[in-house]
Number of protein chains: 2
Amino acid sequence: MNIGTASEKSGLPAKTIRYYEDIGLLRPDRAGNGYRDYSMSDVHRLRFLQRSRSLGFSVEECRQLLSLYGDKERESADVKAIAEIKLVEIDRKLAELTELRNTLRHLVHNCHGDDRPDCPIIDGLSGRATQ
Amino acid sequence: MNIGTASEKSGLPAKTIRYYEDIGLLRPDRAGNGYRDYSMSDVHRLRFLQRSRSLGFSVEECRQLLSLYGDKERESADVKAIAEIKLVEIDRKLAELTELRNTLRHLVHNCHGDDRPDCPIIDGLSGRATQ
DNA sequence: CTTGAACTTCCAGTTACTGGAAGCCTTATA
DNA sequence: TATAAGGCTTCCAGTAACTGGAAGTTCAAG
């Protein structure tokens, strides 16, 4: 499929898809006319990139995560080690997101919407400070 | 407190803290010697910035979120509207993170660590493709 | 009183895109 | 079949959000 279709299916702009190719995150085929030709597997990689980038992982982290299933040379022990490190990070992100959501929920539900609310939400928004 | 302490407490590099000041995300006092002087409230803002940036929100989104409790002029109805939009986004991020975690968990627990695993995890890593 | 760490500003470099120009390819309509 | 619109190509420049380093000031310890 052409880059436009891959863009739709992955949720990434065509520009970004070309950029990801430049930096070696995928290598789509080329059709006879010089157009890039994306497989469903390429689209899977792109969707994965879209998600993990939007969740705050760097491109290099995404490259590592992609290698978890893409790199046939890599030992499974390595895969496991990388995955475990990322799991800790993901759990932290999950906790933080959950807290942020609770704070905003509080703001939306408890503060009436007709006047300036006066809730002690700063702690929630900023996380309990270490001191 | 000095920028070094604020950096420790917020988890942000001093460089980044100065940058956030440059773009108007906070305005710490200045001590007599010209050093920046951060209050606990500044640290709260910084911690909040650290978290929300690491969760994939842009600086401009962070600015909006900060305005939820920082801008006394803003109508509460506005606050509520912004918070509700962000809530939807946060819920989506939560779902995606949870899926990513499950996939990695599967990888870690089911794929023994001594040989190349052969699990059909591509769907999980990339999210069920729309087609 | 000096030495080193932490602070200041300023400017340049990096990462991860993003926009725009110039031109080729494809498809729909006259 | 012509032609116009739209999608594709490469390339180069610009932006967002930092990040590193130089050059100088201030502070705290010895």
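Nothing here was measured: the structure is a model prediction, and the numbers come from that model. Heavy-atom basis, side chains included; hydrogens, waters and symmetry copies ignored. Residue numbers begin at 1 in each chain, while the letters A, B, ... track the order of the sequences.
For DNA chain C, the neighbouring residues in residues 25-39 of chain B, judged by any heavy atom under 4.0 Å, are Arg30(B), Gly34(B), Tyr35(B), Arg36(B).
Leu100(B) places a side-chain heavy atom less than 4.5 Å from the side chain of Phe57(A). With contacts defined as side-chain heavy-atom distances shorter than 4.5 Å, the pair Lys86(A)/Glu61(A) qualifies.
The nucleotide range of DNA chain D contacted by chain B, defined by atoms under 4.0 angstrom from heavy atoms of the protein and reported 5' to 3', is dA17(D) to dC27(D).
We find that CG of Asn2(B) is positioned 12 Å from C1' of dA5(C), with the value rounded to whole Å. Across the protein-nucleic acid pair, Tyr19(A) atom OH and dA16(C) atom P stand 5 Å apart, rounded to whole Å. Look at CD on Glu60(A): it is 10 Å from C1' on dT15(C), rounded to the nearest Å. The separation between Arg53(B) atom CZ and dT15(C) atom P is 16 Å, rounded to whole Å. One atom, CZ of Phe57(A), and another, P of dA16(C), lie 14 Å apart when rounded to the nearest Å.
By the side-chain contact (heavy atoms from CB on, under 4.5 Å) test, Gln50(B) pairs with Leu12(B), Ser54(B), sequence neighbours left out. For Asp91(A), the salt bridge (Lys or Arg N to Asp or Glu O under 4.0 Å) test picks out Arg101(B), Arg105(B), with sequence neighbours left out. Looking at residues two or more places apart in sequence or on another chain, you find a side chain to side chain donor-acceptor pair (under 3.5 Å) between Ser39(B) and Asp42(B). Remark: Lys93(A) engages no residue in a salt bridge (Lys or Arg N to Asp or Glu O under 4.0 Å) (not counting sequence neighbours).
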Check residues 17-29 of chain B and write down every donor-acceptor pair under 3.5 Å in which the side-chain atom is one partner and the other belongs to a residue at least two apart or another chain.
unit_1, atom_1, unit_2, atom_2, d
Glu21(B), OE1, Arg36(B), NE, 2.5
Glu21(B), OE2, Arg30(B), NH2, 3.4

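Residue-to-nucleotide proximity on DNA chain C shows that, of Arg18(B) and Lys15(A), the 5′-proximal contact is made by Arg18(B).
Ile3(A) comes within 4.0 angstrom of sugar-phosphate atoms only, judged by non-hydrogen atoms across all strands, and of no base.
Interatomic distance, Arg92(B) CZ to Leu55(A) CG, rounded to the nearest 0.5 Å: 8.0 Å. Between the OG atom in Ser58(A) and the CZ atom in Arg53(A) there is a gap of 7.0 Å [rounded to 0.5 Å]. Here Ile3(A) contributes atom CD1 and Thr16(A) contributes atom OG1; the two are 9.5 Å apart, rounded to the nearest 0.5 Å.
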Between the protein and nucleotides 27-29 of chain C, which nitrogen or oxygen pairs are less than 3.5 angstrom apart?
none

